[in-house]
Amino acid sequence: MGEDKTEKITVNVGLVDLGHIDLLVQEGFYTTRTDFIRTAIRNQLNANGPALETTVARRTLVLGTQHFTRSDLQALQDRGEQIHIRVLGLASLAEDVTPDLAVATIASVEVLGAFRASRAVKAALGARIV
């Protein structure tokens, strides 16, 4: 089963702002509220593009998707190494990664976006998740 490319979020919007959004949708500027919100987000990300690029480079974040399998982490454990996961996008651990293996191989997790792992692994990593 493939990973989803989106993450659902909840946003509270003032009633007047919501009314403005609905009016733009009714007038055909946008197909739905979601279309308006996605467009607004993309426009803000584009407007802040240079600052984002500089920050991503400075913080040495992987941009996009990074997935770790049980064998990836097992190889690290065999070498006695730990990793720092730093991702802007999606970081995920395979479902068969055990809490003990995660604790032995993952020094820290910093994800701006979504971090997907089993509840047990997330609980075991606890304070290591920034």
Side-chain angles (χ1 to χ4, degrees):
M1 172 166 64
E3 295 289 337
D4 292 337
K5 299 287 184 184
T6 63
E7 186 77 13
K8 188 174 193 166
I9 62 170
T10 302
V11 178
N12 293 325
V13 178
L15 295 177
V16 173
D17 291 339
L18 186 59
H20 285 129
I21 293 168
D22 287 344
L23 181 60
L24 290 169
V25 170
Q26 284 180 354
E27 292 297 310
F29 289 95
Y30 301 93
T31 56
T32 62
R33 289 175 174 176
T34 299
D35 179 35
F36 172 87
I37 292 166
R38 285 185 181 145
T39 300
I41 290 169
R42 276 192 298 276
N43 288 342
Q44 285 301 305
L45 292 174
N46 288 335
N48 291 289
L52 287 170
E53 289 174 19
T54 301
T55 302
V56 167
R58 178 177 49 82
R59 293 176 67 177
T60 60
L61 295 165
V62 172
L63 187 60
T65 300
Q66 193 169 36
H67 179 72
F68 297 92
T69 65
R70 183 183 181 116
S71 62
D72 294 334
L73 298 181
Q74 188 64 55
L76 286 169
Q77 186 177 41
D78 293 346
R79 293 191 306 266
E81 297 177 4
Q82 284 195 321
I83 58 169
H84 297 272
I85 298 173
R86 302 181 79 185
V87 176
L88 191 153
L90 170 65
S92 62
L93 303 179
E95 285 296 317
D96 63 349
V97 170
T98 65
D100 289 340
L101 181 59
V103 168
T105 57
I106 300 171
S108 66
V109 177
E110 178 184 0
V111 178
L112 300 168
F115 176 52
R116 296 196 180 144
S118 70
R119 286 183 189 200
V121 167
K122 284 183 177 180
L125 291 173
R128 296 181 190 189
I129 301 173
V130 180

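The analysis underlying the following values was restricted to heavy atoms, covering all of them including side chains, and did not include hydrogens, waters or symmetry mates.
The shortest side-chain heavy-atom distance between V109 and L125 falls under the 4.5 Å cut-off. Between F115 and I129, some side-chain heavy-atom pair lies under the 4.5 Å cut-off.
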Show me the side-chain donor-acceptor pairs of residues 7-15 shorter than 3.5 Å, one per line, residues at least two apart or across chains.
residue : atom : partner : partner atom : Å
E7      : OE1  : R116    : NH2          : 2.8

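Under the salt bridge (charged side-chain N to carboxylate O under 4.0 Å, His left out) criterion, the residue pairs touching residues 61-79 are R79-E81, with sequence neighbours excluded. Applying the side chain to side chain donor-acceptor pair (under 3.5 Å) test to every pair with at least one member in residues 118-130, sequence neighbours left out, gives no pairs at all. Within the structure, the side chain to side chain donor-acceptor pair (under 3.5 Å) test picks out the following pairs touching residues 94-109 (sequence neighbours left out): H84-S108. Within the structure, every pair that satisfies the salt bridge (charged side-chain N to carboxylate O under 4.0 Å, His left out) test and touches residues 11-34, not counting sequence neighbours, is listed here: D22-R33.
Residues P99 and V121 come closest through the heavy atom pair N-CG2, 3.9 Å. When all heavy atoms are compared, the tightest approach of V111 to A91 is CG2-CB, 3.6 Å. Summarising the geometry of N48 relative to Q44, their closest heavy-atom pair is ND2-O, 2.8 Å, with the distance given to 0.1 Å.
Interatomic distance, CD1 of I37 versus CZ of R42, reported as 11.5 Å (0.5 Å rounding). Rounded to the nearest 0.5 Å, atoms CG (L101) and CG (L76) are 8.5 Å apart. Between the CG atom in L88 and the CG atom in L63 there is a gap of 5.5 Å [rounded to 0.5 Å]. Rounding to the nearest 0.5 angstrom, the gap separating the CG atom in L112 from the CG atom in L90 is 12.5 Å. Atom CD1 of I106 sits about 4.0 Å away from atom CD1 of I85, to the nearest 0.5 Å.
Side-chain atoms of Q82 come within 3.5 Å of backbone atoms of A104 as a donor-acceptor pair (strictly under, hydrogens ignored).
In this view, F36 and Y30 satisfy the ring-ring contact (aromatic ring centres under 6.0 Å, His included) rule, not counting sequence neighbours.
Under a hydrophobic clustering in which Ile, Leu, Val, Met, Phe, Trp and Tyr are joined whenever their side-chain heavy atoms come within less than 4.5 Å, directly or via other members, V130 and L93 fall into different clusters.
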